[in-house]
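Structure, as structure tokens:
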Protein chains: 2
Amino acid sequence: MHSPELLKGTLQTIVLKVLKDNGRMYGYEITQRVKELSDDRILITEGALYPALHKLEAEGMLRTETETIGKRVRKYYSLTPQGRSLVKERVNEFVEFIKTMGNVLQLQIK
Amino acid sequence: MHSPELLKGTLQTIVLKVLKDNGRMYGYEITQRVKELSDDRILITEGALYPALHKLEAEGMLRTETETIGKRVRKYYSLTPQGRSLVKERVNEFVEFIKTMGNVLQLQIK
DNA sequence: AACAATACATAAGTGAGTTATGTATCTAAG
DNA sequence: CTTAGATACATAACTCACTTATGTATTGTT
């Protein structure tokens, strides 16, 4: 598991990108997908995820559809056109960030 | 300038690594070196730096020597052997983190 | 003289996260 | 069958590394 400090500020980027790559998903599914992609190194907590999803929805980046499976309610999220732009922005931002950190920490890039 | 959120948790790593690469340095010098290495993208604030240095010193990672230039006091910091271990640990941690993020965000790592 | 840069330090405030708690359904084990 | 774990959502209290603000003092520049 990674130091939680480093993860700060990456949650939105992760959520948006995973939604872009996987289409419509519900909250719990996102946590599981990230766990899988990160080989158990990034475990998104519900207390962080749900407020983040609500915020992105309120900002018009995501839209939701509610589906009932048996008696279980699932809230599916997908990107709006605005959300699609934001993904690109956020991912670019992150790539720039690691480039800069590569310089500062003198990491061998490639 | 990078989104300050992404920087969270990287300050200690940056300070330790810059000290390792440059030998003994004083606080203000560290901020300037990081500004330079990051092409003005990472501007360490004094309110973050000095407490961080004091903490690392209290933990035995850094030692200090005070020097007086004219009437100006400078506090030089350098790594202790323990500090040297910590640099490696922190830098490895960061590298692992960006590898994981590379997987999650499906970035081209070539 | 006045302002910017150098050089240190600490206190108050912020905000994205963690931790804790609550509700409820589904499924596997003993 | 009932108990525990996984599934699925949600929100409130708290934490803590940072930003912002403030303070002191020297040095260099206009």
Side-chain angles (χ1 to χ4, degrees), chain A residues 1-16 24-36 38 40-59 61-62 64-77 90 93-94 97 101, chain B residues 1-16 24-36 40-59 62 64-77 90 93-94 97 101:
Chain A
M1 192 36 187
H2 286 295
S3 123
E5 295 313 326
L6 290 176
L7 265 320
K8 291 238 175 179
T10 61
L11 177 63
Q12 222 188 57
T13 309
I14 290 172
V15 168
L16 289 166
R24 77 201 257 291
M25 297 177 93
Y26 54 97
Y28 186 76
E29 195 183 5
I30 295 174
T31 65
Q32 296 310 299
R33 183 75 185 123
V34 171
K35 182 172 142 77
E36 192 188 319
S38 71
D40 290 7
R41 281 187 271 263
I42 299 178
L43 306 174
I44 298 180
T45 59
E46 296 169 291
L49 179 66
Y50 293 114
L53 288 172
H54 299 163
K55 188 170 172 260
L56 285 168
E57 192 190 359
E59 290 168 354
M61 302 301 155
L62 303 179
T64 55
E65 298 159 88
T66 300
E67 240 169 74
T68 309
I69 314 290
K71 281 182 183 176
R72 210 59 150 296
V73 173
R74 276 184 189 165
K75 211 161 148 187
Y76 279 91
Y77 289 86
R90 285 281 182 272
E93 223 172 78
F94 186 77
F97 167 68
M101 284 297 289
Chain B
M1 190 40 182
H2 285 296
S3 123
E5 295 314 323
L6 289 175
L7 266 320
K8 293 241 172 177
T10 61
L11 178 63
Q12 221 188 58
T13 308
I14 290 172
V15 168
L16 289 166
R24 79 200 254 292
M25 297 178 93
Y26 53 98
Y28 186 76
E29 194 183 6
I30 295 174
T31 66
Q32 296 310 299
R33 182 77 185 120
V34 171
K35 182 171 142 75
E36 191 187 319
D40 290 6
R41 281 187 272 264
I42 299 179
L43 307 174
I44 298 180
T45 59
E46 296 168 291
L49 180 67
Y50 293 115
L53 288 172
H54 299 162
K55 189 172 172 255
L56 285 167
E57 192 189 0
E59 290 167 354
L62 303 178
T64 56
E65 297 159 90
T66 301
E67 240 170 75
T68 308
I69 314 290
K71 281 181 180 176
R72 206 67 148 291
V73 174
R74 276 183 190 168
K75 210 162 149 187
Y76 279 91
Y77 289 87
R90 285 281 182 274
E93 223 172 76
F94 186 77
F97 167 68
M101 284 298 288

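All chains are named by letter (A, B, ...) in the order of the sequence lines, taking the proteins before the strands, and each is independently numbered beginning at 1.
Residue-to-nucleotide proximity on DNA chain D shows that, of B/A48 and A/A48, the 5′-proximal contact is made by A/A48. Nearest-nucleotide positions on DNA chain C place A/G9 closer to the 5' end than the other of A/G70 and A/G9.
Spacing between atom CG of A/L6 and atom C1' of D/dC18 amounts to 14 Å, rounded to whole angstrom units. In this structure, A/K71 atom NZ and C/dC26 atom P are separated by 7 Å, rounded to whole Å. Between the CD1 atom of B/I42 and the P atom of D/dT19 there is a distance of 11 Å, given to the nearest Å. Here D/dA8 presents its C1' atom at 12 Å from NZ of A/K75, a figure rounded to the nearest Å. Distance A/I44 CD1 to C/dT18 P: 9 Å, rounded to the nearest Å. Atom-to-atom, CG of B/L53 to P of D/dC18 comes out at 12 Å; the value is rounded to the nearest Å. We find that OH of B/Y26 is positioned 8 Å from P of C/dT6, with the value rounded to whole Å. Note: CZ (A/R74) to P (D/dC9) measures 8 Å, nearest angstrom.
At a threshold of 4.0 angstrom between heavy atoms, the contacts of A/E46 include nucleobase atoms, whether or not backbone atoms are also involved. Residue contacts for A/G47: at a heavy-atom cut-off of 4.0 Å it reaches a base atom on one of the strands shown.
Donor-acceptor pairing under 3.5 Å is recorded for the side chains of A/T64 and A/E57.
Side-chain proximity of A/Y50 to the nucleotides C/dA7, D/dA8, C/dC26 is greatest for D/dA8. Here the nucleotide nearest the side chain of B/L11, chosen from D/dA17, D/dA10, D/dC18, is D/dC18. Taking the side chain of B/R72 as heavy atoms from C-beta on, and the options D/dT26, C/dT25, C/dA16, the nearest nucleotide is D/dT26. Comparing C/dT18, C/dG17, C/dA9 by their nearest atom to the side chain of A/T45 picks out C/dT18. Comparing D/dT27, D/dA10, C/dA5 by their closest approach to the side chain of A/H54 singles out D/dA10. Minimum atom distance to the side chain of B/E5 is reached by C/dA16, of the listed C/dA16, D/dT19, D/dC9.
Using a 4.5 Å cut-off on side-chain heavy atoms (C-beta onward), B/E93 and A/E5 make no contact. A heavy-atom distance below 4.5 Å is found between the side chains of A/L16 and A/L62.
Atom-to-atom distance recorded for A/L53:CG and A/K75:NZ is 8.5 Å, nearest 0.5 angstrom.
In this structure, B/Y28 does not reach the C/dA5 phosphate: none of its side-chain N or O atoms is under 4.0 Å from OP1 or OP2. Contact between the side-chain N/O atoms of A/K8 and the OP1/OP2 oxygens of C/dT18 is not found at any separation under 4.0 Å.
Across all their heavy atoms, B/L6 and A/F97 have their closest contact at O-CZ, 3.3 Å.
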